[in-house]
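To start, the structure under review is shown below, and the notes come after it.
Residue numbers begin at 1 in each chain, while the letters A, B, ... track the order of the sequences.
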2 protein chains.
Amino acid sequence: MDKPPRQTKHELFLNYKIWLSGLTGNGRISDTTFALLAKIKELGSIKLAAQACDISYRKAWGDIEEAEKMLEYQLIDKQRGGKDGGHSQLTPACLKLLEAYDALHQKFDDSVEAAFEDFRKAMLTKPTSE
Amino acid sequence: MDKPPRQTKHELFLNYKIWLSGLTGNGRISDTTFALLAKIKELGSIKLAAQACDISYRKAWGDIEEAEKMLEYQLIDKQRGGKDGGHSQLTPACLKLLEAYDALHQKFDDSVEAAFEDFRKAMLTKPTSE
DNA sequence: AAACGATATGCATATTTTTACACCTCGAAA
DNA sequence: TTTCGAGGTGTAAAAATATGCATATCGTTT
């Protein structure tokens with residue numbers, strides 16, 4: 001789920017993770033949840049998306065429930081029943097959120113790139129105090 | 001330990017965490033470990049620093065060991081024995097690392113501020129697809 | 001050489017997070 | 001009206017993390 005980290009001297013890598021939370025702090029929409037949403041958009045099913053993301057259906061469902069409770073709006077239009085059992089698709093609000101998050105993530109990547117480059121350079125200099 | 005998150009519409013907050021890892025991925029130097037190192041620098045003792053950071057000595061020691069194993073160089077000069085029992089101080093290499101990390105974190109904060117502002121604005125617009 | 005207190009370490013016990021599994025619900029299509 | 005398979009839900013098991021506790025080690029100071 002996490003982006004492949006960047007290397008520096010001493011075989012050191014920088015990693016990061018971002019997530020959204022509500023006021024109370026309990027409840028979060030993590031990277032993995034967004035990945036799940038993206039897969040639901042692609043595959044049209046929570047079950048298939050969970051499999052694709054290599055997490056249990058139970059966790060997938062719980063994460064979505066938590067996110068919807070936190071945001072206080074629907075992320076997914078869920079259709080149950082039918083010969084095919086059912087299917088799911090993202091709500092317009094969810095698509096918007098997903099887009100905004102993707103853009104946010106991209107900006108993060110760029111920023112991290114720059115910041116880590118400075119870090120790498122700093123690690124090549126002598127310490128200011130002994 | 002994590003920075004206080006920023007708010008947007010829907011009482012939404014952005015959180016993030018950064019950490020360093022080695023090649024294998026097992027082993028990490030987290031924000032809390034850097035905070036611990038900073039406290040050791042300030043207090044001259046792993047025990048006191050662990051108390052100040054509100055973590056167990058056991059965890060503090062484990063985190064340091066893990067970090068040193070990962071980096072393959074000493075972060076702390078540990079002195080055992082003596083009337084006072086012993087004390088610890090950061091190595092020059094650790095001081096350098098700490099400085100570089102602090103700068104990295106600051107740049108990160110600034111970038112996050114800007115990126116989240118864009119995110120917040122994006123969330124106020126209509127979705128591109130229905 | 002005895003004492004003191006922080007470093008050092010194993011291990012058993014929480015706590016948190018994730019998975020596994022059982023079982024029910026739904027409703028279009030056969 | 002029966003069937004089918006995904007949606008939906010509780011709960012126990014498992015895995016990953018963190019904590020607590022006991023105990024040994026070290027070496028300067030007294």
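D:dG8 atom P lies 14 Å from atom CG of A:D63, rounded to whole Å. Atoms CG (A:L75) and P (D:dG7) sit 15 Å apart, rounded to a whole Å. In this structure, the CD atom of B:Q74 is 13 Å from the C1' atom of C:dT7, given to the nearest Å. Taking atom CD1 of residue B:I64 and atom P of nucleotide C:dA6, one finds them 15 Å apart after rounding to whole Å. Between A:K59 atom NZ and D:dG7 atom C1' the separation is 18 Å, expressed in whole Å.
A side-chain donor-acceptor contact under 3.5 Å links B:K96 to the backbone of A:M123. With hydrogens and angles ignored, the 3.5 Å screen pairs a side-chain donor or acceptor of A:T91 with a backbone N or O of A:L75.
Contact annotation: side chain of A:R58 to base of D:dG10, donor-acceptor pair present below 3.5 Å.
Listed candidates were D:dG8, D:dT19, C:dT7. Nearest to the side chain of B:W61 is C:dT7. Distances were taken from every side-chain heavy atom of B:K47 (C-beta onward) to each of C:dA6, D:dG8, C:dT18; the shortest belongs to C:dA6.
In plain terms, the two heavy atoms of A:K78 and A:E68 that are nearest each other are NZ-OE1, 3.1 Å.
For C:dC4, the OP1/OP2 oxygens have no side-chain nitrogen or oxygen of B:K83 closer than 4.0 Å. The shortest distance between the side-chain N/O atoms of B:S88 and the OP1/OP2 oxygens of C:dT7 is below 4.0 Å. Applying the 4.0 Å criterion to OP1 and OP2 of D:dG7, one finds that A:S45 has a side-chain N or O inside that range.
A centroid separation of 6.0 Å or more is found between the aromatic rings of B:H105 and A:F119.
Between A:D54 and A:G82, the one whose closest nucleotide on DNA chain C sits nearer the 5' end is A:D54. The residue among A:R80 and B:H87 whose nearest nucleotide of DNA chain C lies closer to the 5′ end is B:H87.
In this structure, A:G85 reaches the bases: a heavy-atom distance under 4.0 Å links it to at least one base atom across the strands shown.
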